[in-house]
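Below is one structure, written out as structure tokens; the observations come after it.
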Amino acid sequence: MESPEAAPGTEPLPGTAAAAGPRTVRCRLCGRPLTGTASRRTGLGPSCDAKLHPAPPAIRHRRHEVEQDVLPGT
């Protein structure tokens with residue numbers, strides 16, 4: 001049995017998912033409604049995604065302390 005879908009140019013049947021419009025997707029962590037397509041796809045809002053997956057530090061800002069010999073004449 002096929003699902004009832006509206007033909008192009010006609011109104012959808014009442015009680016179907018197409019008639020209700022886009023469904024509300026909520027963040028899996030905090031429960032806020034998601035509006036962005038990337039957020040809706042992952043199920044996490046931008047702030048909650050940043051909490052779970054923090055950005056790695058930039059390589060240019062990392063400092064490695066290294067033991068060095070004193071330069072002669074100083």
Check against side chain to side chain contact (heavy atoms under 4.5 Å, CB included), Leu44 and Leu52: CA-CA 9 Å; Leu44 291 171; Leu52 293 177; 3.7 Å; yes
Taking all heavy atoms of [X] and all of [Y], pick out the closest pair and write down the distance.
| X | Y | value |
| --- | --- | --- |
| Cys27 | Gly45 | SG-N, 3.6 Å |
| Arg40 | Arg23 | NH2-O, 3.2 Å |
| Thr24 | Pro33 | CG2-CB, 4.2 Å |

Atom pair CD/CG of Glu67 and Asp69 - distance to nearest 0.5 Å: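 One gets 9.5 Å once the value is rounded to the nearest 0.5 Å.
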Side-chain touch Arg32/Cys48, heavy atoms, less than 4.5 angstrom: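 The answer is no; the side chains never approach within 4.5 Å.
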